[in-house]
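All figures in this text were calculated on a predicted structure; none of them were measured in a lab. Numbers for residues simply follow the sequence, beginning at 1.
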Amino acid sequence: MWDNASALGRLTRWLFTLVVLILLGAGAVWVYHSPYFPIRQVKIDGDLQRVSSDELQTVAQKYIRGNIFSADLNGAQKAFESLPWIAKAQVRRRLPDAVDIELIERVPVARWKEAGLVDSNGNLFQAATNEDFPLFEGETGTAKTMVEHYNEFKQVLQPLGLSIRSLEYSPRSAW
């Protein structure tokens, strides 16, 4: 093999390619862990009325640290969505040094069987509030239907100066 010029040429090209790939991999690892790409700005957007800034800051500080490449944005998104009042969160990198967070807050419509709240999309959630809401009682899985009908009933009753204090939806689809 050592006296075969074409075999030595192929070996040299393979070794050169291997060295280039190793250097590129080492460069990627260095960039991922380097302190040269810090996060300088975290921007939180959304019409937020019930979520405290302390809760948001705690989640952001826990997950959005390190540099722009190593920050755990998926973990941050899941953590924001686990907050009781947050319906949806989107966390994105904005190169070179910013993270944008867009939050959509739940809008409560009613209490559900005195054990939780129903949002405007018909999702059940647990959150503390002293606000007065109508009481919904129905079978599991009917909250979305109840919110839709509640909005219809409310539009009919509002011009008359009336409001709904309790809404019950029976298993036989009776109101």
(message) Can you confirm whether Val107 sits close enough to Asn121 that some side-chain heavy atom of one is under 4.5 Å from a side-chain heavy atom of the other?
(response) no

(message) List the residues meeting side-chain hydrogen bond (donor to acceptor under 3.5 Å, both in side chains) with Tyr63, not counting sequence neighbours, and say none if there are none.
(response) none

(message) If I compare all heavy atoms of Ala79 with all of Val59, which pair ends up nearest, and what's the gap?
(response) CB-CG1, 3.6 Å

(message) Minimum heavy-atom separation for Ala71 and Ile39, please, with both atom names.
(response) CB-CD1, 3.7 Å

(message) side-chain contact (heavy atoms from CB on, under 4.5 Å) for Ile101 and Leu56? Distances and angles first, verdict last.
(response) CA-CA 10 Å; Ile101 302 168; Leu56 299 176; over 6 Å; no

(request) Before giving the answer on side-chain contact (heavy atoms from CB on, under 4.5 Å), spell out for Val156 and Leu162 the whole-Å C-alpha distance, their side-chain angles and the decisive distance to 0.1 Å. (result) CA-CA 9 Å; Val156 171; Leu162 301 173; over 6 Å; no

(request) Compare every heavy atom of Phe80 with every heavy atom of Ala60, then report the nearest pair and how far apart it is. (result) N-CZ, 4.1 Å

(request) If a pair satisfies salt bridge (charged side-chain N to carboxylate O under 4.0 Å, His left out) and one of its residues is in residues 48-71, list it, with sequence neighbours excluded. (result) Arg50-Glu131

(request) Provide the closest heavy-atom pair for Phe69 versus Asn67 in the form atom of the first, atom of the second, distance. (result) N-OD1, 2.8 Å

(message) Please evaluate residues Val19 and Leu15 with respect to the criterion side-chain contact (heavy atoms from CB on, under 4.5 Å), reporting the C-alpha separation (whole Å), side-chain torsions for both, the decisive distance (0.1 Å), and the verdict.
(response) CA-CA 6 Å; Val19 167; Leu15 287 174; 5.5 Å; no

(request) Mark yes or no for whether Glu105, through its side chain, and Gly46, through its backbone, hold a donor-acceptor pair below 3.5 Å. (result) no

(message) Less than 4.5 Å apart, side chain to side chain, heavy atoms only: is that true for Asp45 and Asp100?
(response) no

(request) Evaluate the side-chain proximity of Leu124 to Val118: yes if any heavy-atom separation is below 4.5 Å, no if none is. (result) yes

(request) Give the minimum heavy-atom separation between Ala89 and Leu103, together with the two atoms involved. (result) CB-CD2, 3.5 Å

(message) Which heavy atom of Leu135 sits nearest to which heavy atom of Trp112, and what is that distance?
(response) CD1-C, 4.5 Å

(request) Please state whether the rings of His149 and Tyr169 are parallel, tilted or perpendicular, taking 30° and 60° as the class boundaries. (result) parallel

(message) Do Arg111 and Thr129 make a side-chain contact, defined as non-hydrogen atoms from C-beta onward lying under 4.5 Å apart?
(response) yes

